[in-house]
Amino acid sequence: MAGARRRKQHFSRIHAFSCGKASFKGDHSLIGGPGFSRVIYCNDPECFEASLRNYCDNYVRSTKYTLATFFPKSLFEQFRRAANFYFLICAILAFTPLSPYSAVSNVLPLVVVIGATMGKEAIEDWRRKKQDIEVNNRKVKMHQGDGVFEHTKWMDLKVGDIVKVEKDEFFPADLILLSSSYEEAICYVETMNLDGETNLKLKQALDATSSLHDDSSFQNFKAVIRCEDPNANLYSFVGSLELGDEQHPLSPQQLLLRDSKLRNTDYIFGVVIFTGRDTKVIQNSTEPPSKRSKVEKRMDNIVYFLFAVLVVLSIIGSIFFGIETREDLENGKMTRWYLRPDETTIYYNPKRAAVAAILQFLTALMLYSYLIPISLYVSIEVVKVLQSIFINQDLHMYYEEADKPARARTSNLNEELGQVDTILSDKTGTLTCNSMEFIKCSIAGTSYGHGITEIERALAWRKGSPLAQEAAEVEGQVKEIQEEKPSVKGFNFVDERIMNSNWLNEPRADVIQKFLRLLAICHTAIPEVDEETGRISYEAESPDEAAFVVAAKELGFEFYERTQTSISLYEFDLSGKKVKRSYNLLNILEFSSSRKRMSVILRNEEGKLLLLCKGADSVMFERLAKNGQEFAEQTKEHIEEYADVGLRTLVLAYRDIDEEEYVEFNEKFTEAKNVVSANREEMIEEVAEKIERDLILLGATAVEDKLQNGVPECIDKLAQAGIKIWVLTGDKMETAINIGFACSLLRQGMKQVVINSETPENKALEKAGDKTATAAAYKASVLQQIAEGKQLLTSSNENSEALALIVDGKSLTYALEDDVKDSFLELAIGCASVICCRSSPKQKALVTRLVKTKTGSTTLAIGDGANDVGMLQEADIGVGISGVEGMQAVMSSDIAIAQFRYLERLLLVHGHWCYRRISSMICYFFYKNIAFGFTIFFFEIYASFSGQAVYNDWFLSLYNVFFTSLPVIALGVFDQDVSSRLCLKFPLLYQEGIQNVLFSWLRILAWAFNGVLSATIIFFFCIRAMQHQAFRKGGEVAGLEVLGATMYTCVVWVVNCQMALSITYFTYIQHLFIWGGIILWYIFLMAYGAMDPNISTTAYKVFIEACAPAGSYWLLTLLVLITSLLPYFAYSAIQIRFFPMYHQMIQWIRSDGQSDDPEYCNMVRQRSIRHTTVGYTARFEAKSKSSKER
Amino acid sequence: MTDTNRERRRTRETAFYLFTQQSLPACKPVLTPGWVITIFLCMGLIFIPVGLVTLRASHSVVEIVDRYDIECVPEPFRIDKISYIQDDSIPKNCSRFMKVHKYMKAPIYIYYQLDNYYQNHRRYVKSRSDKQLLHGRKYHDTSSCQPVELNDGQPIVPCGLIAWSLFNDSFTFIRERAELKVNRKNIAWKSDRDHKFGKSVRPFNFQNGTLIGGGKLNPKIPLSDQEDLIVWMRTSALPSFRKLYGRIEEDLDADDVIVVNLINNYNTYSFGGKKKLVLSTSNWLGGKNDFLGHACVVIGSSSLILAIVFTLLHLKYRRPYGDTSYLPWNRKSLSG
């Protein structure tokens, strides 16, 4: 097989741009110097010199910790958090006499909390470890000496080893390509994992080593490679290969990077040069920026606020304590003699009351530490992980066709999903499928193809024209035809005039033939023949190209073989006979963004030279020959029509070349190709330019960039939720606008503010070549256009008209400059929709940053390609589409979904829920801890601030981790204000998150106040009810332990019932946790009380003997419970009835059974549509409004 | 596998499905006006009667309180009460008269009440050794008892400030010249007697120091039988507290006059504390305390009032639920 493919010609002759030859110039002189010191002894990794070098092994570690470093490192991480550090200090102080409670009881919760977090870390790291093990144990064939290759684990590879990588395998390390199954030692590489590009890259080995085709030829192979030290630059490499006495330069052209994949090549031989962490891909991996949600940032502030409260309380306490302690000795006489102030310790010394007060301050800090919820962080982490699991599990976001569920890659940002204000979306692959379908063409001035695009449908609907019906009919036909044939990916063309060889009967059959032949030849795709079925599939650089080849094949021109010098097709001659033809491929002038066209030069079987060219209309029409413009007018018309309905168009043309011209061209071309200098590309372009002229027009193609399923619906919902949607695309303006219409981001009657730098004056200036003048002119025009736009904005606000802003990339460069960006942003925010076209990845990131920092609102970026990575990392939340364009975007995203339409559910349902859950959870956390902490503080007032806790030590320490933590977690994981169905039905609900209604400072302080109120009621009711009289029939009075147990019972009841009162969603889990928490307290009290008095101390039999038989205990619990809840209950009853929040309105609707009453729902929903809203509902609304006005 | 098994598995699967899809069957109560009014009414209807019953119970308790700390210092010493109380040579006997204003049914509990006495001070609360109380001198680590841990190198049993400051006023009661029998057994919690104070631990080296705090203990009686001590060592929660002294197991009739002969030993004068003697009956609620009853009545009636106010508001302002005009974001856009 391999032998059959060997041809003595060099492919590099044909490929103009990618296969440059390296020579010893420039950087190569650095070899051996600093930074270029690496020496590799090929095929001899065990030799003495190599062992001196001591390069690292090929084991790759992605784990954060090792077994040895886990404890110190993760502990350090834990105690870097202010709150945890505070608790650590408390735990240490607990071993001194300062401590108001026993050390064990204080340390235990900390151990539990830290242990849980560390456990989570350990599990996460273990997963990474497993992945590492899997990767490191992959096998590759390695040279074992004597020409024998055997499977070896990746991790056992050493620098200098020769490996044989087979088709579709990953490269185990960075290799230098020595030879391949192809004669000229080329190979195809897919670098999707590195840069997200799906096209295949061509690599070629040095001539010197290209003859090593067999395993046995390595028996005596020896060489030394000297090259640069490990670095992160993927696209540069400098080295030299010493083979015998000869030196050969090495360039990136020979470098195969780890994590890329061998494609279309049976095998390659390579020598390992960088291993393990020295490889470029590992050197390149940067820690993704860590993102924290706004809620969490505010939570930190609340913790600081509580710290402040804690310090204030402690200061108050210690001042009073100091005063009272000083009074214990009056003129040398003891007042409170029972405290023995005469013979005391430093903590209570009346003579040094100030010192005692300061020490008391420390004690108080520990005592009131219950104000700070120790378990807050760990609970939140647990909750977020569980929330992410729910997101991952959601079947509504599971893409069955690709078997891809949604994946929350970080759980940090769940609640941020509920606060998104602006979505910045990529277009290709995100809004559209990135699968191109050949749908129409214009040949010889006649337009073919009946297919109807999504956009045409939208347009028809928009215009309300009868075309809609017609379209439906045609669609029916199309469907019929499609049903007959199995659908082909990339081909959606229906026209009986051309299909099934009917084109032979068309008037210009010769042109059609040329047109189709051009489609089949002029490309860089590679055919792959399935050996079993004989079917041919194509590997192409871009989906449009694949669409062309497929189209040609479907229309009878089947491209089936490409060799290095020829292209073979089955085609029809004009008499309708199927013939096999092969064309001698001479040159490929490749596509580049500046050229906007590609050409091939070939010799047909008759020996005639032909140039076939396809390219953008803007560059093609000016290159037509005078006699080649026969159909120019009609074609132009058709192209405009096509572009109007959102199709991508290309113009096809050809030219006959005479021998002399070609010889001359080829000479210059080869010369240009072999130049090694910076302007090589320019020179090649220049040469190519000369031959690509006097073309004869054949026609134009139109491919549809298909919208993904459900995109318009999703955008409509998101817009109704009040989320702004910006589209940032690299496409040209017309395409972008078309997609905008298709997604209902733009609509008729919307004023379009177009900021465009491509004005004729500017172009003239640019041609003149004065760069500063050009820049100034550009900037001036951008500024002027922004100013005009703003004027329009103010006037349109008055007439409540919607504006759309469309900016092109060049203008964007100037609009993003420091002095312009504020006014640009102002304009952009005022507009209903914003489309930035022709924007570079960097501009995408800059726009994202501008929105994020200047408006302070939450941004979400969504994209699928490597060019979106910057934007995804810059935005508050990056959502990657795990689509076709590789994994790069997904790897740098925070959440990955399979389809754009899942964004609707991700934001409106999960985002809203998570936001609500986390914010109510945090509020509640503070409530319960303030309620508890203040009862302790109030007691101090009655204990002369001496630091005696009213509760037993274990009651104190188990409060946060035991009796009250589970209900909060249930709240954080399961609570739902409204069901997912209603979330989607009333998208405006999402505004609660954007406006941060549920986590405003007012709300937080109100909860804190509620906590203080509850504490006050609990404490004073308890001490008034249990003051000095007997509290039960037996005449016993309540001591410290009885009061403590009673108060604690009240706290547990109040706090848990407050939770039950404030949620409106009870599954059996909530019931279990809330009521279980209370029951658990009683069980604990009995169990703990039954233990030996040495352990239970003051809690010994306190419930069984003292509290339970006392009627007043139970009555008091009930009374305190009801009284504490009464203020909140009354408040929320009135608030819900008279000032309901939006989610409460929806709850009303649901409970009244009115959710099915459309009129009523519309009433609630009406406000979600404003004049600036986009989406098709808004469009419908706007349309009906304008028709009414008429 | 039987059918029921399979059935069970299927239901488990669906429950799991509902769980992961977050659509478990749930109860979603909404605070409709009907519910609110019903709840307020119920609370009113429950708490007012309960409050009244509680108040009645509290009122049925007869309680006589007599403050004696000032009266029991003879006139000449009242200027300097502290030196009076600290002077052992002056007899501390004192007689008080208590008039029973209402029939009191046995058992009648005798309490002494101290005010402004911080038994809940951290230094005080910690100053004891539970292990020593249970095991006696066998247990040596009594550092928590400082400064009342050792005397002349000998351990003190019971050690610590609490025991050292034991209350030592004593009372005898005479009605119509006959002494009333005061039962001073079983005044402490049974669990304390049985499990916290050793049956074979006897006071040792107690109150032998230079500074005598409170009462002395009979070194022959084991700690578990020293009920005064046990009661005292259950520290009180608040600076004003009562402790059980004993029980009178005879009924007292209205207008009975009881003569109390007391020995006023205990020093509360240094820190300005009060001493009171209390006789009280008890019922299911315990002693006399109107607070619970009043609170119940207040809460109940305020619930009723809230119910009425809410009903009136509800009827007056029939605002449709769907009016979104005052939602925060709409308010903003209206003003802006």
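Everything numeric here is computed off the predicted structure, so don't read it as measured data. Letters A, B, ... are given to chains in the order of the sequence lines, protein chains preceding strands, and every chain is numbered from 1.
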Legend entry - Which of B/F40, B/F47, B/F241, B/W164 touches chain A most, by non-hydrogen pairs under 4.5 Å: B/W164

Which bit of [X] is near chain A, if near means a heavy-atom gap under 4.5 Å: side chain, backbone, both or neither?
X	value
B/V61	neither
B/V50	side chain
B/N116	backbone
B/Y269	neither
B/K190	both
B/K288	backbone
B/S280	neither
B/I39	side chain
B/P147	both

Could you check whether the rings of [X] and [Y] sit parallel, tilted or perpendicular, using 30° and 60° as the cut-offs?
X	Y	result
A/Y1100	B/H195	perpendicular
A/F974	B/F19	tilted
A/Y338	B/F271	perpendicular

Inset, instruction - Mind jotting down which residue pairs meet the side-chain hydrogen bond (donor to acceptor under 3.5 Å, both in side chains) criterion with at least one end in residues 290-301 of chain B? Sequence neighbours excluded, please. - result: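 Those involving residues 290-301 of chain B are B/S58-B/D290.
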
Legend entry - Which residues share a salt bridge (charged side-chain N to carboxylate O under 4.0 Å, His left out) with A/E1105, sequence neighbours left out: none

Inset, instruction - Validate the cation-pi geometry between A/R336 and B/Y118: distance from NZ or CZ to the six-membered ring centre under 6.0 Å, angle to the ring axis within 45°. - result: yes

